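Protein chains get the first letters and strands the later ones, always in sequence-line order, with residue 1 at the start of each. Just so it is clear, the model here is predicted, and its values are computed rather than measured.
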There are 2 protein chains.
Amino acid sequence: MVMNKAEKIVAKALEMFNERGIEYVSLRELATELGIRVGNITYYFPTKDDLVNRLAQDLSRLNEQIILQEPASLFSFLERFQKIFENHVQYRCLLLSFVHLMHQNKVLSEAYKETEKKRYLSIVTNLSSLQERGYLILEADRNFLVSVFSLTVRFWISEASLSFAHRSAAEQIRQYVTLLAKLLMPYATEKGQAEIRQFLVSLGH
Amino acid sequence: MVMNKAEKIVAKALEMFNERGIEYVSLRELATELGIRVGNITYYFPTKDDLVNRLAQDLSRLNEQIILQEPASLFSFLERFQKIFENHVQYRCLLLSFVHLMHQNKVLSEAYKETEKKRYLSIVTNLSSLQERGYLILEADRNFLVSVFSLTVRFWISEASLSFAHRSAAEQIRQYVTLLAKLLMPYATEKGQAEIRQFLVSLGH
DNA sequence: CACCATATTTGGACAATGTCCTAAACTTAC
DNA sequence: GTAAGTTTAGGACATTGTCCAAATATGGTG
């Protein structure tokens, strides 16, 4: 695989940031690891935030591909979260520093507002459409469920890094996707419950 | 109110950390605000982490008082979370930097493991006892519910700071306590549902 | 009151960090 | 082969948390 300098910097930065946390990897360490000087990094990415923004953009693009598809069933609705969680693991440094980044990095927080709107709308319309197709019965609980889903999707990996760091990434994903599935159970029709059970089985339950 | 120097430092630090974030308030700014020198702060708190640990200890003590009481009913079980959330707001700087602090500050993360165990056990035993007293029917869902509760209690304020910063603290608390209450609804008996409804009414719903 | 031990405060030093800038080296196109 | 643009090197700068030795203040004892 051919990589230009900027791509090499991005790749190594992601690797080191994931390993030790964005705030705890200095540009000088990153430069040393790459065998270049600091000023060389700042040529491609004038500030550290610019480098982080690039990573965020990459993750955003990955997730957008998943969100854009309309889920055909409750099963595929849940499956999508599994894919999103896999992306989250790949860019976990961003999610673990989420709150800080949002409060400090203007560009990122503006960009995320858009992503957030899309995600929120996507969950709302998906839940509605799943109700119309006889998978769910939601009534007044829709907004409540969207809140729980938003919270979980945003912070599952932070929680996992604190409580289940000893487990593999795959097991962590499995745990929190299971959580989302079980969350829907009380609001599912017979047909919906069957799909949730099917999904849980596909996870190895 | 008489405060010695250490208490004055702690009080002003909490104020500034809550306002702008622990990582974005330098000891020099804190010192200037207090009309003293940096070295004077490090006399009482050798490192910034020591200062943060002190705040964490204070919050921990506040919460412990709440957790120790056995809840008499589902209503008082929910009421306790409201009190905990009020403490969280008072010490929000800690919760907003939660992931970082845990990964970087050894003393704090060790101390939190204990707190965490207590909280987990407290939720588990409380849910069991509520089931025995005919408020809930849990079966295999107990662990699942504990996970959702843990995640929500830990990160509600981070989510709120991102999505509902424009609302008052009271409204934010109300929203996420409501969420916890609604979460229990499908697992509540008639008697339990009545108490949840009563609790929601007490919140102004 | 005078003295001394302890507690507190000062002022500055230190290494590390993100950012910035200028000059040198290298590429590319004509 | 030279000129223009791109990339790299090397170092400067202000800021940060931490540390230290000297100066000052405090409080108890003879």
Distance flag, aromatic centroids of Tyr112(B) and Phe98(B), threshold under 6.0 Å: yes

Test of ring centre spacing under 6.0 Å for Phe149(A) and Phe81(A): yes

Inspect the contact between Arg54(A) and Asp50(A) and indicate whether a charged nitrogen and a carboxylate oxygen are less than 4.0 angstrom apart. no

First locate atom CD of Glu159(B), then atom CG of Leu151(A), and finally report the distance between them rounded to the nearest 0.5 Å. 5.0 Å

With rounding to the nearest 0.5 Å, note down the distance linking OG in Ser122(B) to NZ in Lys117(B).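 If we round to the nearest 0.5 Å, Ser122(B):OG and Lys117(B):NZ are 15.0 Å apart.
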
Atom [atom1] of [X] to atom [atom2] of [N]: distance rounded to whole Å?
X	N	atom1	atom2	result
Met16(A)	dT17(C)	CE	P	11 Å
Ile41(B)	dG11(C)	CD1	C1'	15 Å
Lys48(B)	dA16(C)	NZ	P	19 Å
Arg28(A)	dT17(C)	CZ	P	7 Å
Arg37(A)	dC21(C)	CZ	C1'	17 Å
Leu34(B)	dT9(C)	CG	P	11 Å
Leu27(A)	dC20(C)	CG	C1'	13 Å
Tyr44(B)	dT10(C)	OH	P	10 Å

Which class fits the ring pair Phe199(A) and Phe75(A): parallel under 30°, tilted 30 to 60°, perpendicular over 60°? perpendicular

So, is Thr47(A) close to the dG18(C) phosphate, meaning a side-chain N or O under 4.0 Å from OP1 or OP2? no

Nucleotides bounding contact with chain B, strand DNA chain D, heavy-atom threshold 4.0 Å: dT16(D) to dT18(D)

Hey, does Asn40(B) reach any base, or is it just sugar-phosphate, or nothing, if we go heavy atoms under 4.0 Å? base

